[in-house]
Student: 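Have a look at this one.
The sequence lines fix the lettering, A, B, ..., with proteins before strands; numbering per chain opens at 1. These numbers were taken from a predicted model, which means no experiment stands behind them.
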Protein chains: 2
Amino acid sequence: MENPMRKILFLVSAALSTLLAVSANAQVKSDKVIEYRQSVMTVVGWNFGPMGAMMKGEKPYDKDVFARHAAIVAYMAPLAIEGFAPGSEKATEVGVETAAKPEIWTKMDDFKTKMEKFNTESGKLAAIAKTGTFDEIKKQFGTTGGTCKNCHDDYRVKK
Amino acid sequence: MENPMRKILFLVSAALSTLLAVSANAQVKSDKVIEYRQSVMTVVGWNFGPMGAMMKGEKPYDKDVFARHAAIVAYMAPLAIEGFAPGSEKATEVGVETAAKPEIWTKMDDFKTKMEKFNTESGKLAAIAKTGTFDEIKKQFGTTGGTCKNCHDDYRVKK
């Protein structure tokens, strides 16, 4: 017996399953993106910290060690932007948190400009760390840190 | 009035405070190290995944994209070892977990040898990804993946 209602129910259920599968996939992806961007920032911070300590005199200044940290930060900087892919505004699984403000995605051009500044200045720091005087390095370290702060002020939730 | 007991109590309490402060500091550091090594591995995985998908034909092979991922993995590989610093065996704060087995620290020489193999092979992959044929790249991708597995089998808690 032909049953149009059963057919409709089947189609609706198939459509719903597809929707749910797509949405589950998007959820996993969003959380993976968040995890990735936080990881890039953690590696940046891990290397930024000792440079700061050296600049403040809390740690003895070692030119080679400093230059290595600066090179790593400059390498990581341009990797960060991938971590702010569309759709990664919110965490969807329990236990995943993001400090990224939603304004990142509504003002993406400005966000990208600010990230580019970080790329440029950290690149300059990596170069100057190898050849510059202590004062030049310290100045450029301050400028680079300023690009972090500039972006964090606007786009990171305060802790 | 001189009170030797009060003096002793004061000294004991001061010593205890120092001990607690040192231990609290060590705790934070251990968790930071764990967070760092997991971040390095996350960035590695983020880049390894799409290479694997391309090799399995789940994603269209794009030589430049693949080579970029391979270069990033090769850059990250030697950064990982810092994340297994002595004292970072265990997480000390709630919410921090580690899949690193304690054998890493009791068999550090073997662990380092295995990590070095990952460095070497991922370095070769980055080179071959730019100039090699698809088959050469696929072979070296397998070899590199093998160095991950080889180390994970022995030193990572199975999920």
Student: Go through Ile72(A), Leu79(A), Val40(A) and name the one with the most non-hydrogen pairs under 4.5 angstrom from chain B.
Tutor: Ile72(A)
Student: Please classify the contact between Arg37(A) and chain B as side chain, backbone, both or neither, with a heavy-atom cut-off of under 4.5 Å.
Tutor: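 For Arg37(A), neither part sits under 4.5 Å from chain B.
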Student: Where is the tightest heavy-atom contact between Glu82(B) and Trp46(A), given as atom of each residue plus distance?
Tutor: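 Between these two residues, the closest heavy atoms are OE1-NE1, 2.8 Å.
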Student: Is the count of non-hydrogen atoms from other residues, nucleotides or ligands lying under 6.0 Å from Lys149(B) atom NZ greater than 12?
Tutor: no
Student: Under 4.5 Å from any heavy atom of chain A, what part of Met76(B) do you find: side chain, backbone, both or neither?
Tutor: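 Looking at Met76(B), just its side chain touches chain A.
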Student: With rounding to the nearest 0.5 angstrom, report the CD to CD distance, Gln38(B) to Gln38(A).
Tutor: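 Going from the CD atom of Gln38(B) to the CD atom of Gln38(A) covers 12.0 Å.
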Student: If you count heavy atoms of other groups shown closer than 6.0 angstrom to CG of Asp153(A), is the number above 12?
Tutor: yes
Student: May I ask you to check whether over 12 heavy atoms, not counting those of Lys107(B), lie within 6.0 Å of atom NZ?
Tutor: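 Open.
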Student: Answer yes or no: does atom CD of Glu97(A) have more than 12 heavy-atom neighbours from other residues, nucleotides or ligands under 6.0 Å?
Tutor: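 Check fails, neighbour count at 12 or below.
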Student: Taking everything shown except Lys117(B) itself, do over 12 heavy atoms lie less than 6.0 Å from its NZ?
Tutor: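 Not buried by this count: 12 neighbours or fewer within 6.0 Å.
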